[in-house]
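Below: one structure, written as structure tokens.
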Amino acid sequence: MKVAIVGATGMVGTEIIAVLEAYKLPVDTYYFVASERSAGKPIQFNNETYTIIGLDAAVEKQPNIAIFSAGGETSLEWAPKFEAVGTTVIDNSSAFRMDADKRLVVPEINASLLQRGDKIIANPNCSTIQLVMVLAPLHKKYGVKRAVVSTYQSISGSGMKAMRQLENEKNGVNGEMAYPYPIDGNCLPHCDSFTENGYTKEEMKLTNETKKILDPSINVTATAVRVPVSGGHSEAVNIEFESDFELAEVRKILHETEGVTLKDNPDTNTYPMPLYAKGKDDVFVGRIRRDESQANTLNLWIVADNLRKGAATNAVQIAAYVIEKGLVG
Ligand code: A2P
């Protein structure tokens, strides 16, 4: 079993390496792949030093699996080249997510749809993953009609340049800007670029990807906001169901959902927060309460490390699944 990590030096790539070290997949050989700028440089994995290779060299190795986190353009150009040599590509970018013939996978929810022929598998957007992890078990029980989502997204979702902008602003240094405005002490209602309908791409990803993963009949409307938090996305979610629910049962369902951790006790100020989700693979949910302004409607608060379950962990879990089920060539 040979696995390539494409974009190994990036923010998500670095997290994938950490998750792979923890998951210990049955893999014989790893290849660490980045741009030609990084090729030849050393990279550490499991206390061993590997040499970074470029994309051409990686295709020649014909890995069984390639996990891509090197941006959409690299995925569009190179995923088909890996596919052509028999590699199963797990892609973190948005390049293939909405392609009708590509699976969009959160393993706990829909990995069972995967077949040997699925050679390019898309990893959903970070904000979508943590949302559907909570919606999925509730949809099964009560039928989700509509979800209204407000996100509070960390700057790590915009990459290294954004991390530097926040650091510079905190230290009073004038530097390169990743955002059109200061982020320290600010909230930007602007994640990814704007689309023609006035929503941002991030907001439309929440709508479209949720429909694709869970059910096209679920309506989602979102406002995505960038906040000066270094890691971890939070979401305030209002969910209207087809049928009524008992709060105790909602808590029980979420408590029993694999990959979801319930943190919900107002008496002890227990609720999910990004600082405490950092470096963890689970999705955290709390502040569970009835929306008293409307029938069959619930409010809750979801937090996850956007680089972990929102990206690296989900991708590694897909890799673990396809290896375990013998779906790779
Ligand atoms: P490199 O470090 O050599 O530039 P981030 O999202 O944190 O900016 O990381 C992007 C990742 O994608 C890095 O590992 C980066 O490698 C890699 N990358 C960017 N462009 C390419 C490319 N054209 N070919 C291969 N890897 C790329």
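Nothing here was measured: the structure is a model prediction, and the numbers come from that model. Indexing begins at 1, ligand by ligand and atom by atom, following the structure's order.
- Here the closest non-hydrogen pair linking Ala95 and Ser75 is CB-CB, 4.2 Å.
- Each of the atoms 14 (O) of ligand 1 lies under 4.0 Å from some heavy atom of Ala8.
- Taking a distance limit of 4.0 Å, we find that atom 14 (O) of ligand 1 is approached by some protein heavy atom.
- Remark: ligand 1 and Val33 share no N or O pair separated by less than 3.5 Å (distance only, no angle test).
- The protein reaches atom 2 (O) of ligand 1 closely, with a heavy atom under 4.0 angstrom from it.
- The N/O atoms of Met11, backbone and side chain alike, include one that comes under 3.5 Å of an N/O atom in ligand 1.
- Ring-plane geometry between Phe32 and Phe45 is classed as tilted, the angle between the planes lying from 30 to 60 degrees on a 0 to 90 degree scale.
- In this structure, Phe241 and Phe245 have perpendicular ring planes: the angle between them is above 60°, well past the 30° mark.
- Residue-level proximity to ligand 1 for Thr74 is carried by the side chain, the only part with a heavy atom below 4.0 angstrom.
- Heavy-atom separations between Gly159 and ligand 1 are all 4.0 Å or longer.
- In the candidate list Thr9, Val12, Leu55, Thr9 is nearest to atom 16 (O) of ligand 1, counting heavy atoms.
- Comparing heavy-atom distances from atom 10 (C) of ligand 1 across Ser69, Gly71, Ala34 singles out Ser69 as nearest.
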